[in-house]
Amino acid sequence: MVTRLHRPSSHPASSNTATSPVHERMSKVDTAWLRMDSPSNLMMIMGVWIIKPAVSYAATCQRIEERLLKYPRFGQKVVQDATGASWVTDTQFDIKRHVLREKLPPSAKSHPQQALQARLAELALKPLDPRYPLWDFRLVEHYQGGSALLVRIHHCIADGLALIAVIQSLVDGGTEPPQRKPKPTQDSAWEAAEEWMSHTVIEPLTGATVKALEAAGEGAAQAFGAMGDPKTLIDKLIEKGLNKGLASSADVAKLAYQVLRDSAALALMPDDSPTRLKGIPGHAKRVAWCQPIPLDEVRAVSKVLHCSINDVLLACVAGAIGQYLKSHGDSVAGKEIRAMVPVNLRPMAQAYKLGNQFGLAPVVLPIGLDNPVARVFEVHRRMGELKGSMQPLLTFALLAIAGMLVKPAQDAMLSLFSKKTTAVMTNVPGPRDKLRFCDSTLEQTLVWVPQSGTVGLGVSILSYGGGVQFGVISDTTLCPDPQAIIDQFEPEFAKLTLLTLMLPWGE
C-alpha cells in the first residue's frame, strides 16, 4: 500500500490538486510512440547513473520532486480515447510512487555490475503503470562504494535529446526550464523558416499519405508513391515558399526534388544482410556496457584520418558487430547492416518543451570490411551522402501519419522500418566535465533508446566526462550475450589506433 505525501502549497503542481484536472491533447507523433509498445519492445528510454559517494533516498526524492515537476509533463498521466490521447494532471501524484528503492540480490556483492545489468534487463520489459505518469527512478543506495540510479521514461513524454535538458535540471546547479516564451530575437527568421518547412513539406506529405492509406489500405511503400504528381507538389512548394518570402523558386524546387528523391529512397530501401541478429524477437532482454574509452584518443585518430569522431565510433561499432558474428562461425564478407539513428529536428533551445521532434536516418554499417581504416573511410563516405538528406524529416512525417491511424494500421506502416533494420543506435555528446548530483559526483551515465517492431538490438554511444562509453541492449532470442559485442569495442579501437600510427608520414 502506497502512502501519499501532501505537497506543500508552494509546489508548482500543488495548485492542480484542488481543481479539476487539466487536459491537453497529445501530439500525433507522441501518440504514435505511446501506441508502439509491444510484448518484445516497450517504448521506454532507459538510463543508469553511477554516483559516488552514495546518495540517500530522501535526498533523491526531494531533488527529483523539486526539479523534475517544473516540467508539467512529468505530473501528467495519459488518457487514451478513440481518436488519440490526452495529457491529464495527476491530482493524486505521489513522489514515492515514482522514486523507488531498489535492492540487488546477495550475489551482487561478488558481481555488482552483472547484477545491475540483469535488473535493468528485467525492467526493460516491465511496463510502466498507465494509471500514473509514465516514468520512474529506482535508487540502489549502495553500489560499488556509491549508488546507482535507474531511470525509465516513456518515449511519448520526450525524445532522448529533449531529455538532456531535463537531466541538466536535476544535477547540482542545473538550470530550470524557461517559464515564458522569450522575446523575439534574430532567430525569429529561422523559426519562421521552420514553420514554413512544416506547412510546405510535412503537411502535403502526411495529408496525401493518410488519404492514400485510408482509401486504398496500401502499405507505406505504395503510399509514398501516391503523394501525387511531382509537378503539383513542386508548384505548391514554390507558391508557399515565395509567399512566405523565405526562398527563391529555384531553392524551393530543389527542396521539392529532394523530398521526392528521399521519399523514393525510403520506400525502396532494400533489406539489410541477413544475420543472426535479425529475426523475430522473444520476451527477454540483456544489457551490457564497457568502461569508457578516452575521448582525446578518439579525437586524435579522427584528426589524423580527416574524419569526424562520429565516423570513428560508428566504424568501431561495425567492427565489433562483425567480430561478434565471426566468433559464432558466421561469414560477414560483403555484409552490411542498417541502424536507424535519431536526428534532432528542433533547436536545442526549445528542448525544454519536451515531446518528440526527431527523425530517423538509416545508417548502413559495413560489418564485412576487415580493415579498420578502410572501414572508417567507408563510414565517412556514407555519412557524407546522408548530409542534407530529407529522410529524417520524412520519417518524422511518417510518425505523425502513424499517430492519426488506428493501431493495426500504424503497426503495418512502421513495420516498413523494422523489417529493414537490424539495430537502433544513438550517439549522444554529453558534458565534458563530470556533473554532480546531491553533492556527489556522477561518475558514469548510460542511456538506451527503445527498439520498435521486430528490431532486437540497441546500441548507445555516450561521451561524458572525457570518456566515450558503449552500451548494448539486446533481445535474448537474437543476441543472448551482448557483452560479447561490448568486449569487441575496445580491441577494435586499439586496432584502428595502431594502424593509424603505422600510416606513412604525411598521408
Side-chain angles (χ1 to χ4, degrees), residues 38 40-41 219-221 224 261-282 310-311 313-343 359-371 374-386 389 391-392 394-395 398 411-427 448-461 470 472-475 477-480 482 484-485 488-489 492:
S38 72
S40 297
N41 285 315
F224 271 126
R261 180 198 65 189
D262 292 337
S263 296
L266 279 177
L268 301 175
M269 192 165 55
D271 293 346
D272 51 0
S273 301
T275 69
R276 65 176 58 241
L277 299 173
K278 193 174 179 66
I280 303 301
N310 189 52
D311 295 336
L313 295 175
L314 291 181
C316 288
V317 170
I321 292 174
Q323 290 297 329
Y324 170 81
L325 292 172
K326 286 192 286 187
S327 71
H328 284 76
D330 300 343
S331 172
V332 297
K335 289 191 174 183
E336 50 191 29
I337 64 170
R338 184 176 291 104
M340 286 294 183
V341 178
V343 177
L360 294 167
V363 177
V364 180
L365 300 176
I367 62 173
L369 278 178
D370 283 333
N371 186 316
R375 199 186 311 124
V376 171
F377 290 150
E378 180 60 17
V379 169
H380 176 71
R381 183 188 69 80
R382 295 181 183 194
M383 294 302 291
E385 291 178 349
L386 276 176
S389 169
Q391 290 185 25
L394 294 170
T395 58
L398 275 177
D411 293 343
M413 174 183 244
L414 297 180
S415 68
L416 168 73
F417 294 105
S418 62
K419 289 179 179 178
K420 298 174 181 291
T421 303
T422 296
V424 175
M425 187 164 56
T426 57
N427 186 354
W448 294 271
V449 295
Q451 305 82 60
S452 62
T454 58
V455 177
L457 186 67
V459 180
S460 65
I461 307 172
F470 294 88
V472 172
I473 184 168
S474 68
D475 174 81
T477 301
L478 303 176
C479 179
I485 298 178
Q488 296 293 336
F489 284 124
E492 281 300 312

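Every value quoted in this text rests on a predicted model; they were computed, and no experiment measured them.
Here the closest non-hydrogen pair linking Val455 and Thr422 is CG1-O, 3.6 Å. In terms of heavy-atom proximity, Pro482 sits nearest to Val472 at CB-CG1, 3.6 Å. Asp311 and Val379 make their closest contact through O-CG1, 3.8 Å (heavy atoms, listed as atom of the first residue, atom of the second, distance). Here the closest heavy-atom approach between residue Arg276 and residue Tyr324 is recorded as CD-CE2, 4.3 Å. Of all the heavy atoms in Val376 and Ala315, the pair that sits closest is CG2-CB, 3.5 Å. Of all the heavy atoms in Cys316 and Phe489, the pair that sits closest is O-CD2, 3.9 Å.
Between Met383 and His380, the closest side-chain pair of non-hydrogen atoms is not below 4.5 Å. Leu457 is listed as a side-chain neighbour of Ile321, based on a closest heavy-atom distance under 4.5 Å. Here the side chains of Asn41 and Pro450 are not in contact, with every heavy-atom distance at 4.5 Å or above. With contacts defined as side-chain heavy-atom distances shorter than 4.5 Å, the pair Ile473/Gln451 qualifies. Side-chain contact between Met425 and Leu365 is present, with heavy atoms from C-beta onward closer than 4.5 Å. Contact check for Val364 versus Arg338: side-chain heavy atoms found under the 4.5 Å cut-off. A 4.5 Å side-chain heavy-atom check between Phe470 and Ile485 finds every atom pair outside the cut-off. With a 4.5 Å cut-off on side-chain heavy atoms, Thr477 and Ile280 do not count as touching.
Rounded to the nearest 0.5 angstrom, Ser40 OG and Leu478 CG are separated by 9.0 Å. Summarising the geometry, atom NE2 belonging to His328 is positioned 9.0 Å from atom CG belonging to Leu277; distances are rounded to the nearest 0.5 Å. The CD1 atom of Ile367 sits 11.0 Å away from atom CD of Gln323, with the distance rounded to the nearest 0.5 Å.
Arg381 pairs by the side chain to side chain donor-acceptor pair (under 3.5 Å) definition with Glu378, Glu385, not counting sequence neighbours. Looking at residues two or more places apart in sequence or on another chain, you find a side chain to side chain donor-acceptor pair (under 3.5 Å) between Glu336 and Arg382.
Thr421 places no side-chain N or O within donor-acceptor distance of the main-chain N or O of Met340, the cut-off being under 3.5 Å.
When Val317, Asn310, Thr426 are each tested for a side-chain contact (heavy atoms from CB on, under 4.5 Å) with Ile461, only one passes: Val317.
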